[in-house]
Amino acid sequence: MNGGSLGQRGSYGSLLCDGKSSNNARKPSSKMLPVSSREKERVLLGITRCLGRRRFAMLLLVSLALLVFIWGSFTVTKETTSPTVRPTGSIHFDNIAIVSHRSTVCHYRVNSTLGHPCDKFSLPPPPPSGGRRIGPRPCPVCYISAEQARASMPCSSSASPVLHNLTYVVDENPVKTESHGGSDFGGYPSLKQRTDSFDIRESMTVHCGFVKGNRPGFQTGFDIDEADLMKLEDSHEVIVASAIFGNYDIIQQPQNISEAARKNVPFYMFIDKETEMYLKNSSALDSNMRIGLWRIIVVRNIPYTDARRNGKVPKLLLHRLLPNVRYSIWIDGKLQLVVDPYQVLERFLWQQNASFAISRHYRRFDVFEEAEANKAAGKYGNSSIDYQIEFYKKEGLSPYSKAKLPITSDVPEGCVIIREHIPITNLFTCLWFNEVDRFTARDQLSFSTVRDKMMAKVDWSINMFLDCERRNFVIQVHVYVLSFYC
């Protein structure tokens, strides 16, 4: 093949298909005779080739269009048939709407037959008895990686049995109508209101602190500056919270926190003016009101003279202070978190299909024993503890026994609370707080009463995991002052 023939092959395309004449093509003369049969064949061959190319190009374009249409239809169908979890405009990961990264940050609640990496994990045998007495120690816990844990976050909220709409009592001038217990902050719910609050219905209105206003933290007692309130009202999938009142504890920095958690999980530390003054004097508090990962939230007009009771407000009413949060991990101020929050949530909530998790006491399972231990340690006034226990006995409280199984304990180690903020768990912590407000601040004494009353009405339970597992992801750092929060 020579240069002329190559050029001629190229010219056919230009001449016949583009309607343009090539400079290399021979122009017919007006004196020429009619074209020969050979030239006719050549012209027909060129026309046939061009038409073939046109058909092929058209077929190719049509095929590509069909593929694009089918793929686009599949994508739209997949996104529009996915269940709507919550307004996508209010939930973001890495500043991108959750709907854009749904496959990488959450999964739907389905019964998987593939198993879990920790299914075959089992605790090692306990150390042999005898010899020097060994105190409570951490035990091994199986966690998946922080990245895997974050990816396993459920897209949809857990079901809230029976209760779907929970609102709260507002009373600008609460009046004490009964002789025992209660506070202005809690609104003095009557015994009848207390009884009604355990009759769980689809829509309920209950006392839940902050009764003097519609906006918790604003002129309700336990007041918070406007800038901090706006920050607390932001939407977050996961938060970690703690508190120090009365300068009892030293702030501990979380360890082993993944980059994703550092970027997406706020750490809130609630403190009072006394603790703020100490932090400022020690130069630990920077100009942005931060200490390491912790954002410091100063509380003014605290409702109680007892620091222990003030600490129960954020601990039990966190859903009121942070109304747009899905999951929270509460740790007492004396504790240090040493495992990534996504791993903790995956292990104790998502893997267990639970919406509330708390560890049981490492030694005591019975409320009566816990009450005696509190009196012996001087944790609270003996008469107040006796009054509370006698009240519960009249309501049917009995010592813990194996007859209560699968309930494993009536006494929690309440230093850590892991929860999903849904109506049924919000109701539980509201009613638990009301008991703390009415009786003693020792929340271990009232926990099982509230739990059992609710479980008698609805199919809902609490994941009470081993205390040695709790000691695996939070550790208590030695302090010089006795802490009363746990």
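Just so it is clear, the structure is predicted and the values come from calculations on it, not from any experiment.
- Residues Leu317 and Leu321 form no side-chain contact, since every pair of their non-hydrogen atoms from C-beta on lies 4.5 Å or further apart.
- Gln252 is not listed as a side-chain neighbour of Ile475, based on a closest heavy-atom distance of 4.5 Å or more.
- Atom CE of Met464 and atom OG of Ser359 lie 7.5 Å apart (nearest 0.5 Å).
- For the pair Arg309 and Tyr304, the cation-pi test (distance below 6.0 Å, angle within 45°) is passed.
- Between the side chains of Thr275 and Asp272, at least one donor-acceptor pair of N or O atoms lies under 3.5 Å.
- Checking side-chain atoms of Asp286 against main-chain N and O of Asn288 turns up a donor-acceptor pair under 3.5 Å.
- Aromatic ring pairs are classed by plane angle as parallel below 30°, tilted from 30° to 60° and perpendicular above 60°; the pair Phe222 and Phe185 is tilted.
- Of the candidates Glu413, Glu369, Glu370, Glu370 is the only one forming a salt bridge (Lys or Arg N to Asp or Glu O under 4.0 Å) with Arg364.
- Remark: Arg320 is positioned above the aromatic ring of Tyr168, its terminal NZ or CZ atom under 6.0 angstrom from the ring centre and at most 45 degrees off the axis.
- To the nearest 0.5 angstrom, Arg290 atom CZ is 8.5 Å from Ile296 atom CD1.
- Scanning all heavy atoms of the two residues, the minimum distance from Gly187 to Pro174 falls at CA-CB, 3.9 Å.
- Contacts classified as salt bridge (Lys or Arg N to Asp or Glu O under 4.0 Å) and involving residues 393-408 (residues at least two apart or in different chains) are given here: Arg194-Glu395, Glu390-Lys393, Glu395-Lys453, Lys404-Asp410, Lys404-Asp452.
- In plain terms, the two heavy atoms of Asp437 and Gly186 that are nearest each other are OD2-CA, 3.6 Å.
- Considering every non-hydrogen atom in both Val416 and Ile418, the closest pair reads CG1-CG1, 4.0 Å.
- Note on ring orientation: taking the six-membered ring where Trp is involved, the planes of Tyr392 and Phe439 are perpendicular (angle over 60°, cut-offs 30° and 60°).
- A donor-acceptor contact shorter than 3.5 Å links the side chain of Asp223 to the backbone of Gly221.
- The distance from atom CG of Asp184 to atom OG1 of Thr220, rounded to the nearest 0.5 Å, is 12.0 Å.
- The distance from the CD1 atom of Ile385 to the CZ atom of Arg442 is 7.5 Å, given to the nearest 0.5 Å.
- Looking only at side-chain heavy atoms (C-beta outward), Ile291 and Met269 stay at 4.5 Å or farther from each other.
- Aromatic rings from Phe473 and Phe348 are positioned such that their centres are separated by under 6.0 Å.
- Note that the CD atom of Glu420 and the CH2 atom of Trp350 stand 9.5 Å from one another [nearest 0.5 Å].
- Residues Asp340 and Tyr143 have side chains that never bring a donor and an acceptor to within less than 3.5 angstrom of each other.
- The existence of a salt bridge linking Arg363 and Asp467 is excluded, since no basic side-chain nitrogen approaches an acidic carboxylate oxygen closer than 4.0 Å.
- Sorted by first and then second residue, the ring-ring contact (aromatic ring centres under 6.0 Å, His included) pairs with a member in residues 251-286 read Phe267-Trp294; sequence neighbours excluded.
- For the pair Lys231 (side chain) and Ile297 (backbone), a donor-acceptor distance under 3.5 Å is absent.
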Stepwise side chain to side chain contact (heavy atoms under 4.5 Å, CB included) check, Val313 with Phe210
CA-CA 9 Å; Val313 176; Phe210 305 103; 3.8 Å; yes

Working note: Arg215 + Glu233, criterion salt bridge (charged side-chain N to carboxylate O under 4.0 Å, His left out); need CA distance, chi angles, decisive distance, verdict.
CA-CA 10 Å; Arg215 190 184 185 195; Glu233 291 170 358; 3.0 Å; yes

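- Atom CG of Asp199 has more than 12 heavy atoms from other residues, nucleotides or ligands within 6.0 Å.
- Side chains of Gln255 and Leu337 form no contact here, defined as non-hydrogen atoms less than 4.5 Å apart.
- Minimum interatomic distance between Ser152 and Ile144 (heavy atoms only, all atoms of both residues): OG-CD1, 4.4 Å.
- No side-chain donor-acceptor contact under 3.5 Å links Arg300 to the backbone of Lys273.
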Could you walk me through whether His116 and Glu346 satisfy the side chain to side chain contact (heavy atoms under 4.5 Å, CB included) test, starting with their C-alpha distance in whole Å, then the side-chain angles of each, then the deciding distance to 0.1 Å, before giving a yes or no?
CA-CA 11 Å; His116 188 277; Glu346 194 280 334; 2.7 Å; yes

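- Looking at Lys312 and Glu435, no side-chain N of the basic residue comes within less than 4.0 Å of a carboxylate O on the acidic one, giving no salt bridge.
- Remark: the His421 side chain and the Ser328 side chain contain an N/O donor-acceptor pair separated by less than 3.5 Å.
- A heavy-atom distance below 4.5 Å is found between the side chains of Arg471 and Tyr362.
- Atom CG of Leu318 sits about 11.0 Å away from atom CD1 of Ile329, to the nearest 0.5 Å.
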Please evaluate residues Leu322 and His236 with respect to the criterion side chain to side chain contact (heavy atoms under 4.5 Å, CB included), reporting the C-alpha separation (whole Å), side-chain torsions for both, the decisive distance (0.1 Å), and the verdict.
CA-CA 9 Å; Leu322 294 104; His236 295 287; 5.7 Å; no

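- Looking at Val325, Ile422, Thr429, Asn324 one by one, the single match for side chain to side chain contact (heavy atoms under 4.5 Å, CB included) with His319 turns out to be Thr429.
- For the pair Tyr400 and Val411, the minimum side-chain heavy-atom distance is 4.5 Å or more.
- For the pair Trp432 (side chain) and Asp443 (backbone), a donor-acceptor distance under 3.5 Å is present.
- Counting heavy atoms from C-beta on, the side chains of Glu276 and Met289 come closer than 4.5 Å.
- Residues satisfying the side chain to side chain donor-acceptor pair (under 3.5 Å) test with Gln343, not counting sequence neighbours, are none.
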Test Arg308 against Asp306 for salt bridge (charged side-chain N to carboxylate O under 4.0 Å, His left out), laying out the working first.
CA-CA 5 Å; Arg308 295 168 294 186; Asp306 180 4; 3.2 Å; yes

Let's go through Leu191 and Phe391 carefully: what are the C-alpha distance in whole Å and the side-chain angles of both, what is the deciding distance for side chain to side chain contact (heavy atoms under 4.5 Å, CB included) to 0.1 Å, and is it a yes or a no?
CA-CA 12 Å; Leu191 287 175; Phe391 186 95; 3.8 Å; yes

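- Nearest heavy-atom pair across Arg360 and Ser409 is CB-CB, 3.7 Å.
- In terms of heavy atoms, Lys334 sits closest to Cys415 at CE-SG, 4.1 Å.
- Residues Gln388 and Tyr380 fail the side-chain proximity criterion, which asks for heavy atoms closer than 4.5 Å.
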